[in-house]
Amino acid sequence: MPSNDTLRAMHRQMVRIRLFEETIQQSYFEGKLPAFDIAAGPVPGEMHLAAGQEPVAAGVCAHLRPSDTVTATHRPHHVALAHGMDMRRMAAEIFGKDTGLGHGKGGHMHLFDPATNFGCSGIIAEGMPGAVGAALAARKQGRDDIAVSFFGEGAANQGAFHESLNLAAVWKLGVVFVCEDNDWAISVPKAKSTAIASNADRAAAYGMPGVLIPDNDPVAVYEAAGEAVARARRGGGPSLIEVKTQRLLGHFEGDPQLYRTAEEMERLKATDALHIFERRLVDTGVLSEADAAEAWAAARAEVDDAIGFARTSPYPQPSDALLHVFA
Amino acid sequence: MPSNDTLRAMHRQMVRIRLFEETIQQSYFEGKLPAFDIAAGPVPGEMHLAAGQEPVAAGVCAHLRPSDTVTATHRPHHVALAHGMDMRRMAAEIFGKDTGLGHGKGGHMHLFDPATNFGCSGIIAEGMPGAVGAALAARKQGRDDIAVSFFGEGAANQGAFHESLNLAAVWKLGVVFVCEDNDWAISVPKAKSTAIASNADRAAAYGMPGVLIPDNDPVAVYEAAGEAVARARRGGGPSLIEVKTQRLLGHFEGDPQLYRTAEEMERLKATDALHIFERRLVDTGVLSEADAAEAWAAARAEVDDAIGFARTSPYPQPSDALLHVFA
Amino acid sequence: MTAETKRLLTTSKAISEAIAQEMERDASVFAMGEDIGTYGGIFGATEGLLAKFGPERVMDTPISETGFIGAATGAAIAGMRPIVELMFVDFFGVAMDQIYNHMAKIHYESGGNVKVPVVLTTAIGGGYSDGAQHSQTLYGLFAHLPGMKIVVPSTPYDAKGLMISAIRDDNPVLYMFHKGVMGLGWMTPNPRATGHVPEEPYTIPIGKADVKRPGKDVTIVTLSLMVHRALDAAEDLAREGIDAEVIDLRSVIPLDREAIIESVKKTHRLLVVDEDYRSFGLTGEVITSVIEGAFDHLDVPPARLAYPDVPIPYSRPLEQFCLPNRETIAAAARQLVG
Amino acid sequence: MTAETKRLLTTSKAISEAIAQEMERDASVFAMGEDIGTYGGIFGATEGLLAKFGPERVMDTPISETGFIGAATGAAIAGMRPIVELMFVDFFGVAMDQIYNHMAKIHYESGGNVKVPVVLTTAIGGGYSDGAQHSQTLYGLFAHLPGMKIVVPSTPYDAKGLMISAIRDDNPVLYMFHKGVMGLGWMTPNPRATGHVPEEPYTIPIGKADVKRPGKDVTIVTLSLMVHRALDAAEDLAREGIDAEVIDLRSVIPLDREAIIESVKKTHRLLVVDEDYRSFGLTGEVITSVIEGAFDHLDVPPARLAYPDVPIPYSRPLEQFCLPNRETIAAAARQLVG
Ligand SMILES: Cc1ncc(C[n+]2csc(CCOP(=O)(O)OP(=O)(O)O)c2C)c(N)n1
Ligand SMILES: Cc1ncc(C[n+]2csc(CCOP(=O)(O)OP(=O)(O)O)c2C)c(N)n1
Ligand SMILES: [Mg+2]
Ligand SMILES: [Mg+2]
């Protein structure tokens, strides 16, 4: 069981993620309506938000340090924030600004941060091999840093999933594979894409431990991740964790979600893990109502500052497009 | 237990495969020595022979009909012959002749035969998705034909393995996946490449039955394949079979095999499944010594005829290279 | 054109109509890919098909491109005519072995005995800030590899006819639709993405370019969304008295070298406009083909305007700087003529 | 050249020596790939390294190219300098997403903040009847995609210097060695595959072409094994009084356009020879670059001799018909001059 301090820190983490995502969502729709135009507004392009998936990011990353490598997906904000990415430079990248992590070259699916050894990829499951390589490097360099690879349940049917898990297992590398099962890959539900109910059972195909967290509970994630991270750090090899989590929003912003029923949408709202967790912490006295309010206020301020920084930062010079092909 | 007729037919099959491979080996070295030159002789290029792996081909293909699809690998001869490919046109293709299955365009790794719905690929594991598609087509066309995909144990760590098994399982297709575990992927032994001891255990990751045949026994293969083929044919979905088989020769001809010990080479000779099987059939009275001799003589004649046909057939016209890009 | 023939469709609806008509005509045609069922395809190319044909003929797949694109090849060899979608062309690398070592080569390796009638559809193109992994065109890359035909329509009319031709073709056909020509409600409005499309099925020959605007002063060879940009530029040029001929390649393989050469023999000037990366691609091939076929007819060296050799940046000013547009096309043509 | 400097090595030994020297110099350099350990690499590029450096620095991998090539990228980002082998370039399709969407793009996407110093080695080329999936060169395809440097040495000397440069480069470098230039005992003997190689480490700049034979009548631009064929052809031409300049590109990215243009300004005639597929590739790019840089210096239209746009057939007479060779190169040059 995490300490009360840890619980409060996880709560804070989840709150700032939620507010960040909601604020990005607002910015995203600026300039795009009434006739939605994906190319318009201060944040153009695709936008994949992770509201609802905070427990996975907060529960896992609570065990990490900046020298641990984290790779994430097309839906990376929650993980990036939980792993400690600078929110200002992250927001600036999402706004395509020169002050962004990649001087605006990457965008929201391509956040790369040497300070926290964070990377992500818009190609399903293809962030996974990089995590294996980071763990390999750590061993070669005599560090006990580990690598954590986040991916969706849809990614677990990609070849890269299989190759990465086998490679990490054969070489006994310090990798924790974290499957965020939000039941949907865009419009395709897990049952239509995956031959078995739980990807955690696939761990056996690689002789590694597999754990299923059935309920998007940050504490359960924290505990499973704690074991897996410790195993990885002490040279005990990789693990696989699958968390049944929730995608509260569309696959991308603008997704009409015609494939989801009204009941599902209702259920999502009723089982929002962030609110359940907050209520639990308050009910058990870990968090006072005032603490909770303060967490939201602090996050609000932090997010507003970051988005403000992003908004007011300059764009890169157009011809900067030609820079950075080669080092 | 297979009938005596089936046992004799399997024996015959194994004998003709063995003689075919040995004869190709001889032809292959013609013109290449004393200083080995891979480009020279009547059969240039790479040559992967399957001597030792006859039990897998014979045991599985005994259950198939020509309308069943079979996909194989860079080491395809045993499977092609067992599935009924015309030996003359196959040999002619290997010799690069115009009378070959592909008018000499394919070569030994690219044998395509519409008559037996056979195909193969030189890319590891990449023959597997095609088998899934063939089974899908059969269902769409209302046929109870199935597809069998042969692949090596080295291939089981490729992404295409994972995707193919999951797809076949999700769609409940009539595919039998057959892993020929000869313990080697060129010079890399299974233990250095594969996180678990038996790929049959990976079947669980796809909710399909997985069977391990531990001893290169054609009868055991026959029985396991019989079940899997019947399941596939009746719409019961895919299965995975792994057979511990033996690669008696080098990975390709000319392979110095420095990575194999003298003991292993001795053991291979002592446990040659064809000779053990033949002895068993003779000992149990299924085959008389005369029958056995006759099988070898008939195969000798058939192979000599096929190789003779290949040798005496004309080469394609050089400019035929420009034909057949498009239908 | 009489009123009844003026049936306006977006490109995406023209494509889905073509597929539907072929599926009705031929039971061996079916479609598969990610989100092509309930969702109707992320870019609408299969909209309405699931409702019409059911889940056995319109199959949502797992995210397993090697698996299901390979399965399309296998099904085609076994007598079906699959239409299979790679959601964005940028993802080709997860399935390229199936595409180019199998789908594209098996017919040749078999000496013509095995046919592989697959239509591989895929979305191409940028301009809306989707970053380095979701904005490329890449036909130049596929065109380098023998064994597949490649079509890249720019109009609803061509899109329907080329889709029907692709489905009926006995070869694998890579069918690339630019997101910007689809006429999608959620993209920047593009009037040229809607146009007249006859209801009855018709074909457009694969391998034939089309003169989208005749002209006598300069030949602009291009394709896909850049046809729209080139037509815009030609309007501007016309106002200055420069009469540009705009050739829409429509197919990349086979490349209609004859049509290009014929045009250059008339205009004596060539500009190639391309949204794909500049080097080792389409622009070099078109120019070299003209050098081979009409060297003596050229008044000035041919020019090219293409995406520079850099990955595609996310930020709007960066991406827009890289993309050829109405102004830069007109400027390049002006320079050739002036 | 004094006796002591005449140290003859095959190209494969020159490569493995370069890797060994860099591994000794820099602890962050390591090698991985299929059969690169005990076997020493199917084409000998890593021979002897396992014995010298042990299995932690010379790692045999499972057959999981996406996995281990991606791991190379991840390790490079984390401070290592991996050398990773894709056994045959023809297999690129099983790992292309890792190569071009990750290894090649991350530096750019990160705005220059993340470096990816990987050397991706791979064997290219045919001519020995290995069929459609084991005989291609394909640099034209990779060259179309921005983000990686590409080197393709033709001699032992260049091979060593380019390998050392590649390892020290902070960018991903695709290092392509033709099986026919490696000097392998089991390939058709090729005297040009053995040559002088200094023992001490040295570098050859990536992006610089090399005049392998100066001449004044015609420029032959080529690379890899075709350099050997062009030099043979140049000998034949010399006997007829035609003085051919043979330019070995050595690097494809960056392409040394200046060197080519300079030569054409001198000879006024250009022949591009390529073992890669003819269309949408290197030949078109080189010719177009000359059109852009030296149009007025050309006496005749540039010509190209390349592999035709067909998959590579197995049968010897078919494959040999397709490959440029001494005779066809000489004939093409003759035609330009005559
Ligand atoms: C190789 C590849 N195929 C398809 C896509 C398109 N795509 C983007 S997100 C997505 C769904 C991913 O589902 P999942 O892995 O469950 O992640 P989630 O979106 O639920 O977070 C798909 C199919 C892609 N980006 N890459
Ligand atoms: C994708 C790919 N990677 C590597 C190779 C090179 N290669 C050819 S055969 C082989 C070993 C295959 O081992 P296995 O699957 O066990 O089959 P076996 O040779 O034992 O029959 C390798 C690595 C290839 N052909 N394709
Ligand atoms: Mg999901
Ligand atoms: Mg094997």
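Naming: A, B, ... by sequence-line order, numbering from 1 per chain.
- Contact annotation for D/Ile312: only backbone heavy atoms (N, CA, C, O) come within less than 4.5 Å of a heavy atom of chain C.
- A salt bridge links C/Glu292 with D/Arg304: at least one charged nitrogen is closer than 4.0 Å to a carboxylate oxygen.
- Heavy atoms of C/Tyr277 lying under 4.5 Å from chain D belong to its backbone as well as its side chain.
- Side-chain contact check for D/His107 and D/Asn171: no donor-acceptor pair (N or O, by modelled atom type) lies under 3.5 Å.
- The existence of a salt bridge linking C/Lys115 and C/Asp170 is excluded, since no basic side-chain nitrogen approaches an acidic carboxylate oxygen closer than 4.0 Å.
- Considering only heavy-atom pairs separated by less than 4.5 Å from chain C, the leading option among D/Arg278, D/Glu285, D/Met96 is D/Glu285.
- The candidate from D/Ile287, D/Asp97, D/Val94 with the greatest count of non-hydrogen atom pairs under 4.5 Å with chain C is D/Asp97.
- Both the backbone and the side chain of C/Asp90 come within contact range of chain D, judged by heavy atoms closer than 4.5 Å.
- Contacts with chain C were tallied for D/Gly140, D/Pro311, D/Pro313, D/Pro302; D/Pro311 has the most, counting heavy-atom pairs under 4.5 Å.
- Across C/Pro308, C/Gly281, C/Ser279, the residue that shares the most heavy-atom pairs under 4.5 angstrom with chain D is C/Ser279.
- By number of non-hydrogen pairs under 4.5 angstrom with chain D, the leading residue of C/Val300, C/Val286, C/Ile291, C/Leu298 is C/Ile291.
- Both the backbone and the side chain of C/Val252 come within contact range of chain D, each with at least one heavy atom under 4.5 Å from a heavy atom of that chain.
- Each of C/Asn101, C/Asp296, C/Thr66 has some count of heavy-atom pairs under 4.5 Å with chain D, and the biggest count is that of C/Asn101.
- No donor-acceptor pair closer than 3.5 Å links the side chain of C/Ser263 to the backbone N or O of C/Ala259.
- Looking at C/Gln98, there are no atoms closer than 4.5 Å to chain D (heavy atoms on both sides), in backbone or side chain.
- The part of C/Glu109 that comes within reach of chain D is its side chain, from C-beta onward, which places non-hydrogen atoms under 4.5 angstrom from that chain.
- Considering only heavy-atom pairs separated by less than 4.5 Å from chain C, the leading option among D/Gly111, D/Ala303, D/Ala143 is D/Ala143.
- Taking the six-membered ring for Trp and the full ring otherwise, the centers of C/Phe92 and C/Phe142 sit less than 6.0 Å from each other.
- Taking chain C as the reference chain and counting heavy-atom pairs below 4.5 Å, the highest number among D/Asp276, D/Leu255, D/Thr283 is found for D/Asp276.
- For chain D, the nearby parts of C/Phe280 are the backbone and the side chain; heavy atoms of each come within less than 4.5 Å.
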